[in-house]
**Student:** 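One structure follows; several queries about it will come next.
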2 protein chains.
Amino acid sequence: MSHAKKKSPATVQSGLTMADLAKLAGVSKITVSRALGESPLVTTETRERIQALARKHGYKLNVSARNLRLRRSHTVAVIVEMKPSSSRTMWDPYPLSLLGGISQELTSAGYSVLLTTRHDAANAAVQAADGLILLGQGVHQDAVRLYDRMGLPMVVWGAESGQDSHIVVGSDNRQSGISVAERFLSIGRRHPVFIGNSDHPEMAQRLHGFVDELAGHGIKPLLLQRVDWTLESGVDAVRSLFNRKVRFDSIFACSDLLAMGAIRALVELGMSVPNDVSVVGYDDTPHGASFLPPLSTVRQNWQEGGVLLARKVLALIDGQPVASQMLPTNLVVRAT
Amino acid sequence: MSHAKKKSPATVQSGLTMADLAKLAGVSKITVSRALGESPLVTTETRERIQALARKHGYKLNVSARNLRLRRSHTVAVIVEMKPSSSRTMWDPYPLSLLGGISQELTSAGYSVLLTTRHDAANAAVQAADGLILLGQGVHQDAVRLYDRMGLPMVVWGAESGQDSHIVVGSDNRQSGISVAERFLSIGRRHPVFIGNSDHPEMAQRLHGFVDELAGHGIKPLLLQRVDWTLESGVDAVRSLFNRKVRFDSIFACSDLLAMGAIRALVELGMSVPNDVSVVGYDDTPHGASFLPPLSTVRQNWQEGGVLLARKVLALIDGQPVASQMLPTNLVVRAT
DNA sequence: CGAGCGAATGATATCGATATCAAGATATCG
DNA sequence: CGATATCTTGATATCGATATCATTCGCTCG
């Protein structure tokens with residue numbers, strides 16, 4: 001019966017199995033499996049013969065079958081927080097760069113990248129994943145905890161919260177805050193303002209670094225809480241400072257958009273950047289570099305972050321010990 | 001022998017199979033399969049009983065096993081062109097929005113989204129996919145052809161080239177060009193300039209629409225070829241126009257960055273926007289909306305595009321007839 | 001020269017789900 | 001009331017790869 005499968009080789013879309021290859025090579029299935037799997041159990045000669053045969057006939061491994069037998073999916077699920085509207089995350093470039101790094105690293109390790117949004121993550125395929133990478137979960141610590149309970153190897157992009165059981169990879173937000181503070185101090189600024197959302201873990205870290213470093217010099221910055229990271233929000237923030245007649249000479253904004261908005265408002269209000277007020281943004285977006293005046297900002301290395309995220313999950317899957325890690329950032333000093 | 005598997009239910013990580021469920025319910029595996037698969041072949045009563053049991057014990061379908069048996073992967077591979085450096089595609093927001101739409105639609109149809117970069121696409125998992133979606137392949141028609149040969153259902157984001165065998169979904173670039181032309185004509189502009197890369201299929205379509213519509217009014221726009229879509233490139237373009245003493249009164253730039261660069265150069269050269277020169281950009285980036293003056297631009301609906309891409313692949317996989325489709329764009333008239 | 005050893009290969013069972021066909025239970029009809 | 005149609009369930013084979021144990025063959029060494 002099983003010999004009755006006479007598929008015309010070109011008709012059926014590459015329906016070549018190991019059994020077929022085995023017959024062609026005059027060996028058994030298992031030998032084919034070993035030959036293709038670089039097992040040392042077969043002669044170099046047979047291995048090469050079979051590999052050549054496989055190449056010639058365009059043999060393709062059936063991933064499902066292998067995964068079934070091996071009881072692993074060779075898949076890492078990447079869960080991205082994507083809000084449906086034009087909110088920040090949706091427009092921000094960073095997930096894509098991160099994704100690039102992740103995809104590159106995982107694929108070259110023979111893993112697949114399964115992309116899902118937070119809402120869909122109950123998916124059977126996600127639950128079958130060998131590991132999990134969470135992106136953009138910043139505000140949703142509860143979501144993180146939810147996935148944590150799935151018991152899978154998991155790495156999260158974001159800020160270290162100290163109390164979490166999972167591995168975190170992110171930019172060194174705290175150090176960023178310190179660097180900006182140092183910069184402000186070095187150019188003699190004494191009345192700094194921080195614009196951002198302190199409820200957001202990553203921004204909170206920046207704030208802490210900023211505050212702590214300044215405190216060492218007896219300076220207490222003003223926190224201007226802003227939930228939106230839009231340009232308008234930056235404009236608005238500076239106006240409110242002005243209306244409240246607050247004295248300030250430097251601004252650390254948590255996004256380039258906020259920073260540019262702030263600068264615009266400053267200029268409108270007759271102040272000079274950077275003479276009267278220094279401004280530093282965050283993210284090093286292309287707009288910032290071309291802004292007038294060119295924006296000083298903090299740059300994160302997304303690509304490398306993605307690679308690191310991937311390496312950590314793989315190590316976890318492999319049972320190796322893994323630690324959280326924060327990537328250094330660069331303070332890019334331009335004109336502001 | 002096969003009865004010897006006594007796994008302690010809590011120890012093994014959710015190692016519950018249909019066979020286990022069957023034993024618990026006192027039925028056969030196949031009945032469980034049918035009950036969970038909403039098959040009409042089982043009584044409503046048993047179906048519900050088994051579903052409840054499955055929920056209670058946290059049963060999880062083994063995707064590999066099902067895919068193996070069904071000879072399909074229930075997976076659509078999304079191949080994204082991601083250049084390693086800080087090139088446009090890397091930073092552009094659009095792939096993420098597209099990805100959002102794709103992921104949403106595919107996941108809710110029970111499919112998985114396999115993310116890969118162009119380089120990794122020889123991957124076994126990709127070749128096992130039931131369908132392919134290509135993003136950001138704009139310039140690389142050769143790449144498209146390569147995947148086309150895999151013989152999988154395939155949908156490409158981009159511009160319709162007329163000679164291709166595959167399905168294309170994209171924004172109606174040609175209509176966009178027409179709309180901008182109409183706009184320029186309606187406000188009495190007679191010396192329009194197009195800034196962009198005519199080698200890029202999507203931009204070429206915009207150019208054609210633009211040129212054709214203007215030709216109907218006896219006007220021939222000037223094409224300013226620019227490979228980079230940066231702000232600097234826009235500045236540079238306008239300067240070169242100025243140096244060549246070209247007369248112009250309107251600019252259609254193929255990206256918001258180009259447009260903003262152009263405007264900056266215009267202002268520097270003492271011209272007024274929009275009094276002397278009208279400018280329209282492309283993409284409706286958040287920066288553009290907040291630009292001073294607020295940028296007029298063409299908006300594409302990425303999210304919807306993603307959903308549409310997904311629906312088309314699914315239809316193709318399903319064997320239904322499918323046609324290419326171009327999504328309408330919106331000309332957002334602001335101050336420029 | 002035969003026991004014993006290692007290298008290379010193979011036969012079989014198995015991973016977990018579903019298609020197919022068979023069979024038992026129940027209902028319907030003349 | 002018996003026969004056939006319908007409904008529900010089950011036994012078995014199967015998808016394609018790999019782990020395990022068995023087997024074959026050639027070779028070394030006492």
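Proteins get letters first, then strands, A, B, ... in listed order; numbering begins at 1 in each. Worth knowing before you read on, the calculation uses all heavy atoms, side chains too, and leaves out hydrogens, waters and symmetry mates. All values derive from a computational prediction rather than experimental measurement.
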**Student:** Determine the minimum heavy-atom distance between A/I102 and A/A310, stating which atoms define it.
**Tutor:** O-CB, 4.0 Å

**Student:** Donor-acceptor pair, B/S103 side chain versus B/G100 backbone, under 3.5 Å?
**Tutor:** no

**Student:** Do A/L135 and A/I79 have side-chain heavy atoms sitting under 4.5 Å apart?
**Tutor:** no

**Student:** How many Å lie between CZ on B/R71 and C1' on D/dT14, as a whole number?
**Tutor:** 9 Å

**Student:** Let's go through A/V156 and A/V169 carefully: what are the C-alpha distance in whole Å and the side-chain angles of both, what is the deciding distance for side chain to side chain contact (heavy atoms under 4.5 Å, CB included) to 0.1 Å, and is it a yes or a no?
**Tutor:** CA-CA 6 Å; A/V156 180; A/V169 171; over 6 Å; no

**Student:** So, does B/Y59 get its side chain near the phosphate of C/dG16, meaning an N or O under 4.0 Å from OP1 or OP2?
**Tutor:** no

**Student:** Provide the closest heavy-atom pair for A/A125 versus B/S112 in the form atom of the first, atom of the second, distance.
**Tutor:** CB-OG, 3.2 Å

**Student:** Check whether any side-chain nitrogen or oxygen of B/S33 sits under 4.0 Å from OP1 or OP2 of C/dA17, and answer yes or no.
**Tutor:** no

**Student:** For B/L68 and C/dG16, what is the distance between atoms CG and P respectively, to the nearest whole Å?
**Tutor:** 12 Å

**Student:** Nearest 0.5 Å, please: how far is OG in A/S28 from CZ in A/R34?
**Tutor:** 7.0 Å

**Student:** Have B/Q51 and B/E38 got a donor and an acceptor in their side chains that come within less than 3.5 Å?
**Tutor:** yes

**Student:** Out of curiosity, B/L21 CG to B/S33 OG, how far, rounded to the nearest 0.5 Å?
**Tutor:** 11.0 Å

**Student:** Between A/M18 and A/L61, is the side chain to side chain contact (heavy atoms under 4.5 Å, CB included) condition met? List the steps.
**Tutor:** CA-CA 8 Å; A/M18 280 198 176; A/L61 176 72; 4.2 Å; yes

**Student:** Scan nucleotides 19-26 of chain C nucleotide by nucleotide, 5' to 3', and note B when protein non-hydrogen atoms come under 4.0 Å of the base, S if they reach only the sugar-phosphate, - if neither.
**Tutor:** BB------

**Student:** Would you jot down, in residue-number order, the residues of residues 39-48 of chain B having a non-hydrogen atom under 4.0 Å from DNA chain C?
**Tutor:** none

**Student:** Take atom NZ of A/K23 and atom P of D/dG16, then tell me their distance rounded to the nearest Å.
**Tutor:** 12 Å

**Student:** May I ask you to verify if any side-chain N or O of A/T31 is less than 4.0 angstrom from the OP1 or OP2 atom of C/dT9?
**Tutor:** no

**Student:** Atom CZ of B/R72 to atom P of C/dT18: distance rounded to whole Å?
**Tutor:** 13 Å

**Student:** What is the separation between atom CG on A/L61 and atom P on D/dC15, rounded to the nearest whole Å?
**Tutor:** 17 Å

**Student:** Roughly, in whole Å, what's the span from CG in A/N62 to P in D/dT14?
**Tutor:** 17 Å

**Student:** In this structure, which stretches of DNA chain D are paired as stems of three or more consecutive Watson-Crick or G-U pairs, both distances less than 3.5 Å?
**Tutor:** C:1-30 with D:1-30

**Student:** Tell me the closest heavy-atom pair linking A/V313 and A/V155, and the distance in Å.
**Tutor:** N-CG2, 3.7 Å

**Student:** CG of A/L36 versus P of D/dT18: gap in Å, rounded?
**Tutor:** 8 Å

**Student:** Looking across every strand, which nucleic acid part, if any, lies under 4.0 Å from B/V32 by heavy atom: base, sugar-phosphate, or nothing?
**Tutor:** nothing

**Student:** Which residue lies toward the 5' end of DNA chain D, B/S28 or B/A65, if each is placed at its nearest nucleotide?
**Tutor:** B/S28

**Student:** Measure the CD1-CG distance between A/I50 and A/L36 for me, rounded to the nearest 0.5 Å.
**Tutor:** 7.0 Å

**Student:** Send over the distance from B/R49 CZ to D/dT9 P, rounded to a whole Å.
**Tutor:** 9 Å

**Student:** Identify the heavy atoms of A/L327 and A/N301 that sit nearest to each other, and give their distance.
**Tutor:** CD1-O, 4.1 Å

